[in-house]
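Reading through the structure tokens given below for one structure.
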Amino acid sequence: QKEVEQNSGPLSVPEGAIASLNCTYSDRGSQSFFWYRQYSGKSPELIMSIYSNGDKEDGRFTAQLNKASQYVSLLIRDSQPSDSATYLCAVRRAGSYQLTFGKGTKLSVIP
Amino acid sequence: NAGVTQTPKFQVLKTGQSMTLQCAQDMNHNSMYWYRQDPGMGLRLIYYSASEGTTDKGEVPNGYNVSRLNKREFSLRLESAAPSQTSVYFCASSEDSSQETQYFGPGTRLLVL
């Protein structure tokens, strides 16, 4: 069974610190990797996507992918209280329509 | 543009009752999806429609049926609701099935007693 694993948290970081969120996946055929943010009671929204090994930066967010280790991470620099949410990791196998989601990591940024 | 809309926002059903969850998008997207989200289980795909006129099963299709009414609308039907179907249901759409960005609706909270 294809699995996407995330630490459920909560992960607490002080305002201004770097938050590091991690995700591992079991399917070596996975080709596309995504981070969604979900505020409590709201719907998920895509914040980052990454397809090749290495880092991808977008503003305060950096996604990191290591396919050999089957590991993808999200770094949030200068964390703000507004970043407090659940972060969902999702992966998609090459040629598949389906996204497989992890259970999410709850992040709390303390002012 | 409203994006992806879902009705109703909240529904309570008794075991055995039927209902249809409605979803519509105004982004001219080809692909649409139905997910359920349960505590501790994450988001799981129920059904999807890669394009108008086609539907396919996802990870957890049992107990559900779908209809892609037209390009804009994709409905999810529970014929005989069970307590195990208590969940939050999200509809999503994307430009096409190869597009990674899926836009989610606000969700429908369903409680089956």
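Chain naming here is simple, since letters A, B, ... match the order of the sequence lines and numbering starts at 1 in each. Atoms considered below: every heavy atom in the structure, side chains included; atoms not considered: hydrogens, waters and symmetry mates.
In this structure, the side chain of Ser43(A) does not engage the main chain of Gly107(B) through any donor-acceptor pair within 3.5 Å.
No more than 12 heavy atoms of other residues, nucleotides or ligands sit less than 6.0 Å from atom OH of Tyr103(B). Applying the 6.0 Å contact sphere to CZ of Arg60(A) captures more than 12 heavy atoms from other residues, nucleotides or ligands. Atom NZ of Lys106(A) has 12 or fewer neighbouring heavy atoms from other residues, nucleotides or ligands inside a 6.0 Å radius.
Expressed to the nearest 0.5 Å, how far CD of Glu59(B) lies from OG1 of Thr100(A) amounts to 6.5 Å. Distance check: Leu43(B) CG to Leu88(A) CG gives 6.0 Å after rounding to the nearest 0.5 Å. We find the CD-CG distance between Gln102(B) and Leu46(A) to be 9.0 Å, quoted to the nearest 0.5 Å.
You'll find the side chain of Glu45(A) stays beyond 4.5 Å of the side chain of Phe104(B), heavy atoms only.
Ranked by heavy-atom pairs shorter than 4.5 Å toward chain A, the options Leu45(B), Val4(B), Val88(B) are led by Leu45(B).
Linking ILVMFWY side-chain heavy atoms closer than 4.5 Å, directly or via other members, places Leu110(B) and Ile46(B) in a single hydrophobic cluster.
For the ring-ring contact (aromatic ring centres under 6.0 Å, His included) test with Phe101(A), the passing option among Phe90(B), Tyr35(B), Tyr33(B) is Tyr35(B); the others fail.
Neither the backbone nor the side chain of Arg44(B) comes within contact range of chain A, judged by heavy atoms closer than 4.5 Å. Contact annotation for Gln38(A): only side-chain heavy atoms (C-beta onward) come within less than 4.5 Å of a heavy atom of chain B.
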